[in-house]
Amino acid sequence: SQKIEQNSEALNIQEGKTATLTCNYTNYSPAYLQWYRQDPGRGPVFLLLIRENEKEKRKERLKVTFDTTLKQSLFHITASQPADSATYLCALDPNSGGYQKVTFGTGTKLQVIP
Amino acid sequence: DAGVIQSPRHEVTEMGQEVTLRCKPISGHNSLFWYRQTMMRGLELLIYFNNNVPIDDSGMPEDRFSAKMPNASFSTLKIQPSEPRDSAVYFCASSPPGAWDQPQHFGDGTRLSIL
């Protein structure tokens, strides 16, 4: 069966450290993967997109990697700040391209401790 | 610029009543998505419209749920009759035309409680 797995346990990290979140998938061949941030009581907000032919993408303190062999994406926040505390969702394209629909993981809650 | 606007933000109603959730997508966006979010199941796609036409409604749980998009600036999700298990946060999202990997822009959701 198809699955998208993110750490269900919350990730607690000290301010200033690098936070690394994992998104693993099974029985998908996505053409792209997206990462979103969700704050309590709000809708998800898009952060980064990475395509299957890209190994790595960066935006300010954020970095995403995409390994189609391992079927895994890693999301890094460097020099983490308390304001980075939120739930982070990965979303992938379940149709291998050509169709504007994504399937979301259940998210990982990140807590950055001052 | 105005984002995706959903109303109401909160809805509490009794089992068996009809519930209508509303969404105004971002102007110029031509794809619209309705999602449901629960602790147990996460964010699930219910239905996806492109240019006001339903493209994929495979996530609509059952006949009690229906969605319409009469024009490019308005969509509704209706539940009739409502049941307690429909309690969840319902999100609407829109995305612009262009490549199929466009990011989705979400509203802040409607928190629905069915008693």
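Quick caveat, the model's predicted, so the values are computed rather than measured. Residue numbers begin at 1 in each chain, while the letters A, B, ... track the order of the sequences.
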How about B:Lys24: does its NZ atom have over 12 heavy atoms from other parts shown lying under 6.0 Å from it?
no

Do A:Pro44 and B:Gln37 make a side-chain contact, defined as non-hydrogen atoms from C-beta onward lying under 4.5 Å apart?
no

Please find out if less than 6.0 Å separates the ring center of A:Phe46 from that of B:Phe106.
no

Spacing of NZ belonging to A:Lys101 relative to CD1 belonging to B:Ile47, to within rounding of 0.5 Å:
11.0 Å

Give a yes or no on this: more than 12 heavy atoms of other residues, nucleotides or ligands lie within 6.0 Å of atom CZ of A:Arg61.
yes

Picking from B:Arg9, B:Gln104, B:Glu44, which has the most non-hydrogen pairs under 4.5 angstrom with chain A?
B:Gln104

Within 6.0 angstrom of A:Gln14 CD, more than 12 heavy atoms from elsewhere:
yes

Shortest non-hydrogen contact from A:Gln38 to B:Phe91?
NE2-CZ, 3.5 Å

With only heavy atoms counted, which part of B:Leu45 is less than 4.5 Å from chain A, the side chain, the backbone, both or neither?
side chain

Do you reckon B:Tyr35 sits in the same ILVMFWY cluster as B:Leu112, going by side-chain contacts under 4.5 Å, direct or chained?
no

Does atom NZ of A:Lys71 have more than 12 heavy-atom neighbours from other groups under 6.0 Å away?
yes

Does CZ belonging to B:Arg64 count more than 12 external heavy atoms closer than 6.0 Å?
yes

Would you give the length of the straight line joining atom OH of A:Tyr32 to atom CD of B:Gln102, rounded to the nearest 0.5 angstrom?
9.5 Å

Check whether B:Asp108 reaches the backbone of A:Gly43 with its side chain - one donor and one acceptor, N or O, closer than 3.5 Å.
yes

Hey, which of B:Ser95, B:Gly59, B:Gly109, B:Gly42 has the most heavy atom pairs under 4.5 Å with chain A?
B:Ser95

Rounded at 0.5 Å granularity, tell me how far CG in B:Asp101 sits from CG in A:Leu33.
11.5 Å

Region of B:Ala93 in contact with chain A, defined by heavy-atom distances below 4.5 Å
neither

Would B:Ile79 and B:Met60 show up in the same hydrophobic cluster when neighbours are defined by side-chain heavy atoms closer than 4.5 Å?
yes

Going hydrophobic residue to hydrophobic residue with side-chain gaps under 4.5 angstrom, can you get from A:Leu110 over to A:Leu62?
yes

Tightest non-hydrogen contact, residues B:Pro103 and A:Gln34, listed as CA-NE2, 3.8 Å

